[in-house]
Amino acid sequence: MVYQRPKGTADILPGDTEKWQYVEQTARQVFSHYQFKEIRTPIFESFDVFSRSVGDTSDIVTKEMYDFYDKGKRHIVLRPEGTAGIVRAYVENKLFGPEHPKPVKVYYMGPMFRYERPQSGRMREFHQIGVEALGSPSPTVDVETIAMALGLFKKIGIGGLKLVINTLGDLASRQAYRQALIDFLEPHFAELSQDSQVRLHKNPLRVLDSKDKKDQAIVADAPSILDFLDEESTAHFTTVKALLDNLGIAYEVDATMVRGLDYYNHTIFEIMSNSKAFGGQYMTVCAGGRYNGLVEEIGGPATPGFGFGLGLERMLLVMAADGIEVPNTADLAAYVVGIGEETQAAVVQVTQAIRNAGFTAEHDYLARKPKAQFKMANRLNAEVVVTIGESELAAKTAHLKNMATGNEITVPLAEIEQDFATVIAQIRGEKRG
RNA sequence: GCGGUAUUGGCGAAGUGGUUAACGCACCGGAUUGUGGCUCCGGCACGCGUGGGUUCGAUUCCCACAUACCGCCCCA
């Protein structure tokens, strides 16, 4: 093979694209009911947009950025996530201005990039659908946005989900907790895994997330973030839980849940699935939370925000494992069979007429025998076959066959070309008679 | 970035240091000249990921590289 696609990328081919479109369309529909509008921002951004927002210590910045220098020596990065670019666009286009209703609610879908070792469902180029609501600190935004995410999964038909929430508190709460965590972990330093030893001072919260069994045992007795929340942070989280209860949305609180990205505070959440796609283990399929300091960090006015992102590849994996069928939209109404070269012009003309009448139509392009053409019509699941041979050509008619019933009728060409809707209704009617 | 496994036709998949690389599916053609299923017949690998090496000779042995998958890391 001479050329192959870059490592960690995928060609999404016909047969699969229908599934992608289905998810995308469903997302657009659900989001629009919540008055979210689409926003499209560049696939690549200045390196600083991400190093500034995502956090210098995060793994994304330290080792997973797909970055390079362009010919103008600009430090460019293919976006690893959606939020930072949108916040940049929000600030740059002054969407915080008074003429924009607050919160500004936007959604996006498209490719993201991370330079890491590919595995199933983890690509260097992957796709996310995400939303951001900018400009309201209200817990109702948290709850409705979470509900919207759940609504999307429900609409797609994905089951076996659970919602997990936690709070990181505001900056002061988080810092107090961070110090308490360091104080708690330091006596155990020698027992911690190597990775966690590094994390301890860089980002101690991440130790909570360690997969290492020994780490988990130590962390089990660690102080909880929930005990370090100030009054306001507690109130926010309490309201979020109350609103979820009120909507009848089930959730569990996991005080050890953290974020790889530095910009989150207050409510964070994950929607997890124990689909067969993940061997029955709970895997995160959607993650998000509140980021009240980010807009300011990027150079805008202090503006609260809330958003989430979900991975299309993982979503599709779950759908496949759960046997979720995508509605079939493009049924073939008519396959036009031409017998003999001299019918070519008529075949093209009839096919076009049927298409122009608003039906899908197809014909043979390989000069195949009638039998082969009928085979193809059958394979393409055509509802009717329109046959044009020498005799039909001479009589200015076409022969129609209902492929389901086998009934056949002969119709003037002019009728097909002028009003195919009536013609097809006629042969559909034959079915009953 | 580290470790492991894998790489044969469009797909699935046998196989051997040495004559024509099984088989199945799919696809194409044919079985009284213009009709869909089944059956039957026939066709279908620039040669076994790429590049080197060992050898009289390699798809089969060795090395490097590429890609995929699994685990770690991290995460969607």
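In what follows, every chain begins at residue 1, and chains take the letters A, B, ... in the order their sequences are listed.
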**Q** Under 4.0 Å between a side-chain N or O of Lys401(A) and OP1 or OP2 of rG36(B)?
**A** no
**Q** Starting the side chain at C-beta, find the nucleotide from rC75(B), rG37(B), rA68(B) nearest to Arg122(A).
**A**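 Between rC75(B), rG37(B), rA68(B), the one nearest the side chain of Arg122(A) would be rC75(B).
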**Q** Counting the atoms with a prime plus P, OP1 and OP2 as sugar-phosphate, which does Leu310(A) contact under 4.0 Å by heavy atoms, base, sugar-phosphate, or nothing?
**A** nothing
**Q** So if I take every side-chain heavy atom of Arg314(A) and compare against rG29(B), rC73(B), rA76(B), which nucleotide ends up nearest?
**A** rA76(B)
**Q** The side chain of Met376(A) is closest to which nucleotide in this list: rC28(B), rA76(B), rA68(B)?
**A**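 My answer, after comparing the listed nucleotides, is rC28(B).
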**Q** The side chain of Glu392(A) is closest to which nucleotide in this list: rA68(B), rG34(B), rA31(B)?
**A** rG34(B)
**Q** Return the orientation label for the Phe47(A) and His75(A) ring planes: parallel under 30°, perpendicular over 60°, tilted otherwise.
**A** parallel
**Q** rC69(B), rG34(B), rC72(B): which one has an atom nearest the side-chain heavy atoms of Gln119(A)?
**A**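 Comparing rC69(B), rG34(B), rC72(B) against the side chain of Gln119(A), the answer is rC72(B).
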**Q** So, is Arg379(A) near the phosphate of rC28(B), with a side-chain N or O under 4.0 Å from OP1 or OP2?
**A** yes
**Q** Quick one: which of Thr267(A), Asp142(A), Asn265(A) gives a side chain to side chain donor-acceptor pair (under 3.5 Å) with Arg290(A)?
**A**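 By the side chain to side chain donor-acceptor pair (under 3.5 Å) criterion, Arg290(A) pairs with just one of Thr267(A), Asp142(A), Asn265(A): Asp142(A).
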**Q** How far, in whole Å, is rC63(B) from rA68(B) if one measures between their P atoms?
**A**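 Here rA68(B) and rC63(B) have their P atoms 22 Å from each other.
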**Q** Nearest whole angstrom, please: distance from the C1' of rC69(B) to the NZ of Lys7(A).
**A**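 Going from Lys7(A) (NZ) to rC69(B) (C1'), I get 11 Å.
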**Q** State the CZ-CD1 distance between Phe306(A) and Ile268(A), to the nearest 0.5 angstrom.
**A**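 That separation rounds to 10.0 Å.
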**Q** Counting only side-chain heavy atoms from C-beta out, which of rA68(B), rA66(B), rU35(B) sits nearest to Phe374(A)?
**A** rU35(B)
**Q** With heavy atoms under 4.0 Å as the rule, sort Lys369(A) into base, sugar-phosphate or nothing.
**A**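 It contacts sugar-phosphate atoms only.
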**Q** P atom, rU50(B) versus rC25(B): distance in rounded Å?
**A** 28 Å
**Q** On the ring face of Tyr282(A), is Lys162(A) found with NZ or CZ under 6.0 Å from the centre and within 45° of the axis?
**A**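 Judged by the rule (NZ or CZ under 6.0 Å from the ring centre, within 45° of its axis), Lys162(A) counts as positioned above Tyr282(A).
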**Q** Which is true for Gly8(A) with a 4.0 Å heavy-atom rule: it touches a base, it touches only sugar-phosphate, or it touches nothing?
**A**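 The answer is sugar-phosphate, as Gly8(A) gets under 4.0 Å only of primed atoms, P, OP1 or OP2.
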**Q** Between Tyr115(A) and Ile388(A), who's closer to the 5' end of RNA chain B by nearest nucleotide?
**A**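 Upstream on the strand: Tyr115(A).
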**Q** Would you say Gln373(A) places a side-chain N or O within less than 4.0 Å of OP1 or OP2 belonging to rU35(B)?
**A** no
**Q** Taking only the P atom of each, what is the distance from rG29(B) to rU54(B) in whole angstrom?
**A**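 49 Å, rounded to whole Å.
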**Q** How many angstroms lie between CG in Asp364(A) and CZ in Arg368(A), if you round to the nearest 0.5 Å?
**A**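 That separation rounds to 5.5 Å.
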**Q** Give one of base, sugar-phosphate or nothing for His127(A), where a contact means two heavy atoms less than 4.0 Å apart.
**A**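 Nothing: the residue His127(A), judged by heavy atoms under 4.0 Å, touches no strand.
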**Q** Would you indicate what Gly340(A) reaches in the nucleic acid, counting non-hydrogen atoms under 4.0 angstrom: base, sugar-phosphate, or nothing?
**A** nothing
**Q** Quick one: is rA68(B) close enough that its OP1 or OP2 comes under 4.0 Å of any side-chain N or O from Arg117(A)?
**A** no
**Q** Taking the same atom, P, in rU39(B) and in rG34(B), what whole-Å distance lies between them?
**A**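 After rounding to an integer number of Å, I get 24 Å for this pair.
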**Q** Taking only the side-chain heavy atoms of Lys371(A) (C-beta and beyond), determine which of rG34(B), rG29(B), rG36(B) contains the nearest atom.
**A** rG36(B)
**Q** Quick one: on RNA chain B, does Thr9(A) or Ser391(A) contact a more 5' nucleotide (nearest heavy atom)?
**A**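 With Thr9(A) and Ser391(A) compared, the 5'-side residue is Ser391(A).
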**Q** What is the minimum heavy-atom distance between Ala334(A) and Val386(A), and which atoms define it?
**A**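 Taking every non-hydrogen atom into account, CB-CG2, 4.4 Å.
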**Q** Starting at atom CD of Glu270(A), determine the distance to atom C1' of rA76(B), rounded to an integer number of angstrom.
**A**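 Whole-Å distance recorded here is 10 Å.
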**Q** P atom, rA66(B) versus rA76(B): distance in rounded Å?
**A**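 Looking at atom P only, rA66(B) and rA76(B) are 28 Å apart.
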**Q** Establish, with yes or no, whether the OP1 or OP2 oxygen of rG36(B) is under 4.0 angstrom from a side-chain nitrogen or oxygen of Lys375(A).
**A** no
**Q** Atom OH of Tyr335(A) to atom P of rG36(B): distance rounded to whole Å?
**A** 14 Å
**Q** Under 4.0 Å between a side-chain nitrogen and a carboxylate oxygen: does that hold for Arg124(A) and Glu116(A)?
**A**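 Here Arg124(A) does not pair with Glu116(A) in a salt bridge, since their nearest N and O are not under 4.0 Å apart.
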